[in-house]
Amino acid sequence: MSATVFETLMMRVAMLDRVADRIVTIELEPVHGDQLPQWESGSHLDVHLRTGLVRQYSLSLAPTSGRWRLGVLEEIDGRGGSKHVHQVLSIGDEIAVSKPRNTFPFKLRGNPVIFVAGGIGITPILSMAIEAQAGGADWALLYLSRAPESTAFVAELAGYGDRIHHHYDSVDGIIDLARALDDLGGRAADIYACGPPGLLTALEAYAASRGGCRLILERFTAGEDTGPRAGDSEFIVELADGMEVLVGATETILEALEHEGVPLLSSCQEGVCGTCETAVISGIPDHRDQVLSDEERAGGEMMMPCVSRCFGARICLDL
Ligand code: FES
């Protein structure tokens, strides 16, 4: 589906709770009493906080709960989305959200499962843990946070007993991640992780050194390999109506479209959220995002214009 045709739902803030230092949870209910669409654990919503401010927040309850709850960390140096949630949003406010989208799907395959959550990365992981428990899986959660007071959902997780392993940097010091994972059986587990880039990089190193595990990651921010690079060339983006936009060597497709007044919904602008996902009509994308799977990349039917480019002189997008 092209990014320009995402359907939105009008939702009302039904509950807003501070659950830890700099973390609030928000429950949303449909303004018009509509039935909520079904979703899978690991899904997120694109939340339109105000004009031009779209952010992704993961759903953090069981898909069977019939409730939509988001967890939001106030990022002190962020670009304004989380500050808006913390400082402006109130109970009763109405906001538009996308239907749930899942770039971090969870699947029980019969293997032991280890969840690794870093800070607010707990939000998609919590819905997965609930599903793992319901599915009778052998699972454990390694939950890394700065301090007890900055740790969300502690009471909910306590119900899972010794499956939950907290590590507080301020109390326990720097974690020996490889050892902690080995102790939990990480060598032969499916490891689902969400958290800051340093944690995910360390997990990739762990997975590379232990042949038997399978690593599935959800990223907050991009790695280094996104956006224009030295040696990139200009090219033409052709739109569905035939309009042509020149993309310079040092700008992204998204930037070039914005200069020409062509609307394209975006959020992270780093190739990690999937908001700008756009269908390719013709041409070969040079994928630089971290959303699409290898299979989707090879298919060449979709791309993320906030970071990805094209091979050759021209690409035609469904915009
Ligand atoms: Fe997030 Fe493009 S805006 S992937």
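The first residue of the sequence shown is numbered 1, and numbering continues consecutively from there. The figures that follow rest on heavy atoms only: side chains count, while hydrogens, waters and symmetry mates do not. Counting convention: from 1, in listed order, for ligands and their atoms alike.
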Tell me whether R210 is salt-bridged to D182, with the criterion being a basic N under 4.0 Å from an acidic carboxylate O. yes
Atoms of ligand 1 under 4.0 Å from any heavy atom of S267, numbered from 1 in the order shown, are 3 (S)
TODO: State whether C306 contributes an N/O/S atom found under 2.8 Å from atom 1 (Fe) of ligand 1.
DONE: no
Nearest heavy-atom approach of C273 to S267 is SG-CB, 3.9 Å
Atom 1 (Fe) of ligand 1: closest protein heavy atom, distance to 0.1 Å, is C273 SG, 2.2 Å
Note: ligand 1 atoms sitting under 4.0 Å from heavy atoms of C276 are 2 (Fe), 3 (S), 4 (S)
One finds that the ligand 1 atoms under 4.0 Å from a non-hydrogen atom of Q269 are 1 (Fe), 3 (S)
One finds that the ligand 1 atoms under 4.0 Å from a non-hydrogen atom of V272 are 4 (S)
For G271, the ligand 1 atoms with a heavy-atom partner under 4.0 Å come out as 4 (S)
Quick note on ligand 1: atoms under 4.0 Å from a heavy atom of G274 include exactly 1 (Fe), 4 (S)
Closest non-hydrogen atoms of A180 and I175, given as atom of the first, atom of the second and distance, are CB-CD1, 4.0 Å
>> Quick check on D289 - does any of its heavy atoms sit under 4.0 Å from an atom of ligand 1?
In response: no
### Message
Please check if the number of heavy atoms outside D294 that lie under 6.0 Å from its CG is greater than 12.
### Response
no
Could you check whether the rings of Y160 and W139 sit parallel, tilted or perpendicular, using 30° and 60° as the cut-offs? perpendicular
When you measure from the side chain of R22 to the backbone N and O of E74, does any donor-acceptor pair fall under 3.5 Å?
yes
Would you call the rings of F106 and Y192 parallel, tilted or perpendicular if under 30° counts as parallel and over 60° as perpendicular? perpendicular
Any heavy atom of V291 under 4.0 Å from ligand 1? The part involved is neither
